[in-house]
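The structure's right below; bear with me while I get my questions together.
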Amino acid sequence: MDVSYLLDGLNDKQRQAVSAEEKDMLVLAGAGSGKTRVLVHRIAWLIQVMNHSPLSIMAVTFTNKAAAEMRGRVEQLMGRDVRQMWIGTFHGLAHRLLRAHYKDAGLPQGFQILDSDDQLRLVKRTIRALNIDEKQWPAKQAQWYINGKKDEGLRAHHIDAYDVAEQTHKSIYQAYQESCDRSGLVDFAELLLRAHEVLRDNKYVREHYQRRFRHLLVDEFQDTNSIQYAWVQLLAGKDNRVTIVGDDDQSIYGWRGAQVENLQHFLRDFPQAETVRLEQNYRSTSTILNAANEVIANNSDRLGKDLWTDGSAGEPIRVYAAFNEQDEARYVVGRIQEWLDQGNALQDVAILYRSNAQSRVLEETLLYAGLAYRIYGGLRFFDRQEIKDALAYLRIIASRIDDAAFERVVNTPSRGIGDRTLGLVREAARDMNLTLWEAARFLITENRLTGRAKKALQGFMELINQLEDECTDLPLAKQTDIAIRRSGLMAMYQSEKSEKAETRVENLGELVSATESFMPTGEEDMPPLAEFLAHAALEAGDEQADEHQDAVQLMTLHSAKGLEFPLVFMTGVEEGLFPSQQSMGESGRLEEERRLCYVGMTRAMQRLVITYAESRRLYGQEQFHSKSRFIGEMPTDALEEVRMQTRVTQPTDSRSRFHSGASHETFEQTGFQLGQRVLHATFGEGTVLNYEGSGPQSRIQINFDDQGSKWLVVAYAKLTPLR
DNA sequence: GGCCCTCCAGTTTTT
DNA sequence: CTGGAGGGCC
């Protein structure tokens, strides 16, 4: 068979990785070096050339998007259906494993997945049930604690609690887990932990999968946490080959448990592994690439990589020192308009920022300029309230023990089951170690409720029972439609007269369409409904925005990872914002910020623009930041510093920040103007921000690069104008 | 049940 | 300054 097409168009290193003999391998893949291509070709190579069955290969990614892309490209390359292949996310594959071995995992067959929102509610209820002060022990923190422990592979009983905080959190963890177990609920971290435990503790299951998967391929390995690493080790066993792909310079998720160290651990634990470096970059101009290289060179303990390109130098990186965030946004919009005038498309532009709060001013300015934009990271389809309500009905129809679903819909729409009644149900459940459904049934049969409450609760339970009787044999879409209508959910939103409610009605309609077009695979003998519910939990779905509209893309630096754009703006590149204030104390966290900077820069293909604001309104207060150290780490000859293009000579509107008593002429008599760079004997260089008074007695506010902002009397300050 | 008030926090996100 | 959450009140 002619397999040369598998190597066509690859560079030497890529070929080396694709066609390597069967061994463990670490592919250190720099930004834009074609790593997905290598992974996909490697899989095809193992099948076509090494004659492995597609069934014997497992490929793992972090996001559904990446998994879908990989699957699509493998199919395209090989020209055949590879549906039976295990390509998926860690969570998706763990779920698949637990479905197949639910008994070994100690789970009920119909176990449901708890998303983080549901998890938080359940943690909150647990805290209340334990009579712990919610103010002192916020549910968010407890949730964080629980997930952190699970990510480390720890159960509550593994934890030695030495202080009150740990003891409290431990007991919340314990009670929360009991509650999950009773209700057949599995949170995201639990999927991984439990799948790991099954593999670890059950020789039969472990050996079955070890015999099956001869090759494991893991993408974005720098993002793996401890439990994921342990998972890979277990599946690899002694005899199977592991290929990991990653880039320590793009590790930006340490704060949520990712262990960059896993790259080094891999080399330790798989000593035969060969390391292949993909260092040729096919994305950015050499100017951009070199600047990014210089920035990241400031980090220590790197595995080491030198990205290069044989592309052209392109244009310099523009650095704009904005007066404030509005000025920054105006500048960005101006450059976008210039880009459009040059015949380019809006969708090729991305505006990146460190924190979501920064998007507002950018949005307003884009809106004002009439430029379409799309924000990444909005509410996704299956995360919407009305969709979650509808799914909760489907869940409780499928599984009465699902307490999270019970809580969610027992009184939605309201049917007179208030806090008093629910309190009794929860109490009974707690006292007798029952699920909420069982407790409700108990209270009814034992006549422990007032007439009205009893009737209401009974009505709800009969509704669910009836829905099950009527629906189970119907097609999924029909089931969903009936559940939405008979439950009164649809009517509830229809009766509300607001735009929001209208959208919700539409979304419910769309949910029915989604179930119609959903194609169950029947894997692990899952009924279509169960499969759809898992799909909804594991893949929250895209945002609804028209993805294909020609629009500027707005997103955080984090969500830009893996993407590329011809024109990239990095905004708010200021000390305190980026690197963020919180990360400036610790070198490890600062280095992660630097990697984030590296990730941002390497998103740009042709043109990169970096902006920072001398002053910025943050939390209702004017703050003065100096430009980020990361800019200082870039080679000066790669940069073209742009400063205050439009001279500010008039207050622009009534909200002007300028002192009203003085005119600009008198200000200009001092010899300085806003935005001007000046040198002070002791404070160093800075930028003129504001002034008050007139003539030589006037005071002038300067944002010094190193000292922050200060007010000085012009007559005494001995300022030297620069430029 | 819904409205209004106060209080508080305030990177980054996927599953 | 904002948004979200919780508490109090009709």
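Residue numbers start from 1 in every chain, and the chains themselves are labelled A, B, ... in the order their sequence lines are given, proteins ahead of strands.
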Notebook entry, point to check: Across the strands shown, which category fits A:S559 at heavy-atom distances under 4.0 angstrom: base, sugar-phosphate, nothing?
Noted result: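 Sugar-phosphate contact only.
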A:L120 CG to C:dG6 C1', in whole Å, measures 14 Å
Sugar-phosphate, base or nothing in reach of A:K124, heavy atoms under 4.0 Å = sugar-phosphate
| request: Quick one: label A:N64 by what it contacts on the DNA or RNA (base, sugar-phosphate, nothing), any heavy atom closer than 4.0 Å. | output: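 Since only primed, P, OP1 and OP2 atoms lie under 4.0 Å of A:N64, the category is sugar-phosphate.
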* Tell me what A:D115 touches on the nucleic acid: a base, only sugar-phosphate, or nothing, going by heavy atoms under 4.0 Å. => nothing
DNA chain B: first to last nucleotide in contact with chain A (atom under 4.0 angstrom from a heavy atom), 5' to 3', is B:dG1 to B:dT15
* Asked: Which part of the nucleic acid does A:Q119 contact within heavy-atom distance under 4.0 Å: base, sugar-phosphate only, or nothing?
  -> nothing
Which part of the nucleic acid, if any, lies within reach of A:T89 when heavy atoms closer than 4.0 Å are counted: base, sugar-phosphate only, or nothing?
sugar-phosphate
request  = For A:F62, report the nucleic acid contact type (base, sugar-phosphate, nothing); a contact means any heavy atom under 4.0 Å.
outcome  =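 Sugar-phosphate contact only.
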_Distance check needed: C:dA5 C1' versus A:K135 NZ, whole Å only._
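Spelled out: NZ on A:K135 to C1' on C:dA5 is 9 Å.
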Report task. Only counting residues at least two apart or in another chain, list the ones meeting side-chain hydrogen bond (donor to acceptor under 3.5 Å, both in side chains) with A:E364. Result ->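 Partners of A:E364 under the side-chain hydrogen bond (donor to acceptor under 3.5 Å, both in side chains) test: A:R360.
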TODO: Give one of base, sugar-phosphate or nothing for A:F90, where a contact means two heavy atoms less than 4.0 Å apart.
DONE: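 Nothing: the residue A:F90, judged by heavy atoms under 4.0 Å, touches no strand.
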Exercise for the section: Can you label the angle between the A:W255 ring and the A:Y253 ring as parallel, tilted or perpendicular, going by 30° and 60°? Expected result: tilted
Looking at every non-hydrogen atom in both residues, tell me the closest pair between A:D117 and A:R408 and how far apart they are.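 The answer is OD2-NH1, 4.3 Å.
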Review point. How far does the C1' atom of C:dG3 sit from the matching atom of B:dT14, given to the nearest Å?
Key: 23 Å
Review point. Which value, in whole Å, describes the distance between the C1' atoms of nucleotides B:dT11 and C:dG6?
Key: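 After rounding to an integer number of Å, I get 25 Å for this pair.
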Of A:Q582 and A:S414, the one whose closest nucleotide on DNA chain B sits nearer the 5' end is A:S414
State, to 0.1 Å, how close A:T61 and A:A66 come at their nearest heavy-atom pair, and which atoms those are.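 Between these two residues, the closest heavy atoms are CB-CB, 3.9 Å.
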Residue pair A:S355/A:A189 against DNA chain B: nearer the 5' end by closest nucleotide is A:S355
Check your understanding: Within 45 degrees of the axis of the six-membered ring of A:F382 and under 6.0 Å from its centre: does A:R384 put its NZ or CZ there?
Key -> no
Among A:L352, A:I610, A:V332, which one satisfies side chain to side chain contact (heavy atoms under 4.5 Å, CB included) with A:F569?
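Only one option passes, and that is A:V332.
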Contacts of A:T224 meeting side-chain hydrogen bond (donor to acceptor under 3.5 Å, both in side chains) (sequence neighbours excluded), chain-then-number -> A:N262
- Task: Give one of base, sugar-phosphate or nothing for A:N411, where a contact means two heavy atoms less than 4.0 Å apart.
- Result: sugar-phosphate
